[in-house]
Amino acid sequence: MPRKDIYHMTVKNALIKDGWTITDDPLRIRLARGRNLFVDLGAERLIGACKNTEYIAVEIKSFTRPSAMKDLEEAVGQFVLYYHLLKRYYPQYKLYLAVPENIRKSIFEEEAGQTLVDNKILSLFSFNPENEEVIEWIY
């Protein structure tokens, strides 16, 4: 079982406040040859108007290393790997990277992070760590 990010419970509580039901903690991706990968959270939400269900998988990143670019490189690599594996095994899930709001404002408003968002490489949402609320969804 993977080690949980320092914001794991914060993001879980923020998603619940935002109307999501946590279905998997973590969401296991079962690969051939007995290998497993784990996305931090799986969640679902009923879309009221059309009574469909929306599924998300969430990878949580705190960006606590001295080099934010190293954290970004690692996050992107993990995101791309999980994105493609989810497309293969669980296509109903849309993957999001969850980051604290201060990280979104710094890393994802700078050129490297902004390029990833503009080119739709990453889908992310930011959260407020103090009041455990989702701040912004960026598709």
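Leu41 and Leu81 sit in two unconnected hydrophobic clusters of ILVMFWY residues. Membership requires side-chain heavy atoms under 4.5 Å apart, directly or through other members. When hydrophobic clusters are built by joining Ile, Leu, Val, Met, Phe, Trp and Tyr residues whose side-chain heavy atoms come closer than 4.5 Å, directly or via intermediates, Phe79 is not grouped with Ile60. Cluster annotation: Leu124 and Val39 are assigned to the same hydrophobic cluster (Ile/Leu/Val/Met/Phe/Trp/Tyr, side-chain heavy-atom contacts under 4.5 Å, transitive). Ile6 and Met9 are not part of a single hydrophobic cluster, where members link through side-chain heavy atoms under 4.5 Å apart. When the side chains of ILVMFWY residues are joined at heavy-atom separations under 4.5 Å, either directly or via intervening members, Ile107 and Val134 end up in two distinct hydrophobic clusters.
Minimum interatomic distance between Leu97 and Phe108 (heavy atoms only, all atoms of both residues): CD2-CZ, 4.0 Å. When all heavy atoms are compared, the tightest approach of Pro26 to Phe38 is CG-CD2, 3.5 Å. Nearest heavy atom pair, residue Ile56 against residue Tyr93, reads O-CD2, 3.2 Å. Residues Tyr89 and Ala32 share a closest heavy-atom pair of OH-N, 4.2 Å. Residue Ala112 comes nearest to Leu72 through the heavy atom pair CB-CD2, 4.0 Å, listed as atom of the first residue, atom of the second, then distance.
Atom CZ in Arg35 sits 14.0 Å away from atom CD1 in Ile29 (nearest 0.5 Å). For the atom pair CG (Asp118) and CD (Glu111), the distance works out to 10.5 Å, reported to the nearest 0.5 Å. With values rounded to the nearest 0.5 angstrom, Asn13 atom CG is found 11.0 Å from Glu133 atom CD. Atom CH2 of Trp20 sits about 10.5 Å away from atom OH of Tyr55, to the nearest 0.5 Å. Considering CG of Leu85 and CG of Leu31, their distance stands at 5.5 Å, rounded to 0.5 Å. The CZ atom of Arg30 lies 12.0 Å from the CG atom of Leu37; values are rounded to the nearest 0.5 Å.
Here salt bridge (charged side-chain N to carboxylate O under 4.0 Å, His left out) pairs that include residues 95-105, with residues two or more places apart or in two chains, are Glu101-Arg104, Arg104-Glu109, Arg104-Glu136.
Ring planes of Trp137 and Phe125: tilted class, angle from 30 to 60°. Using bins of under 30°, 30° to 60° and over 60° for the plane-to-plane angle, the ring pair Phe127/Tyr7 lands in the perpendicular bin.
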Practice problem: Please lay out, stage by stage, how Val11 and Asp5 fare under the test side-chain contact (heavy atoms from CB on, under 4.5 Å). | Solution: CA-CA 10 Å; Val11 171; Asp5 187 274; over 6 Å; no
Quiz prompt | Test side-chain contact (heavy atoms from CB on, under 4.5 Å) applied to Leu27 and Leu86, step by step | solution = CA-CA 10 Å; Leu27 175 62; Leu86 285 170; 4.0 Å; yes
Exercise. Take Thr53 and Gln92 through the test side-chain contact (heavy atoms from CB on, under 4.5 Å) and record every step on the way to the result.
Key: CA-CA 9 Å; Thr53 303; Gln92 70 274 28; over 6 Å; no
Practice problem: Please test Asp25 against His8 for side-chain contact (heavy atoms from CB on, under 4.5 Å), starting from the C-alpha separation and ending with a verdict. | Solution: CA-CA 10 Å; Asp25 183 6; His8 187 90; 2.7 Å; yes
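Side-chain contact between Asp24 and Tyr90 is absent, with no heavy atoms from C-beta onward closer than 4.5 Å. The closest side-chain heavy-atom distance from Leu95 to Lys87 is not below 4.5 Å.
Within the 3.5 Å criterion, the main-chain N or O of Glu74 finds no donor-acceptor partner in the side chain of Lys61.
The neighbour count for Tyr83 OH, taken as heavy atoms of other residues, nucleotides or ligands under 6.0 Å away, does not exceed 12. The environment of CZ in Arg65 is crowded: more than 12 heavy-atom neighbours from other residues, nucleotides or ligands sit within 6.0 Å. Applying the 6.0 Å contact sphere to NZ of Lys70 captures no more than 12 heavy atoms from other residues, nucleotides or ligands.
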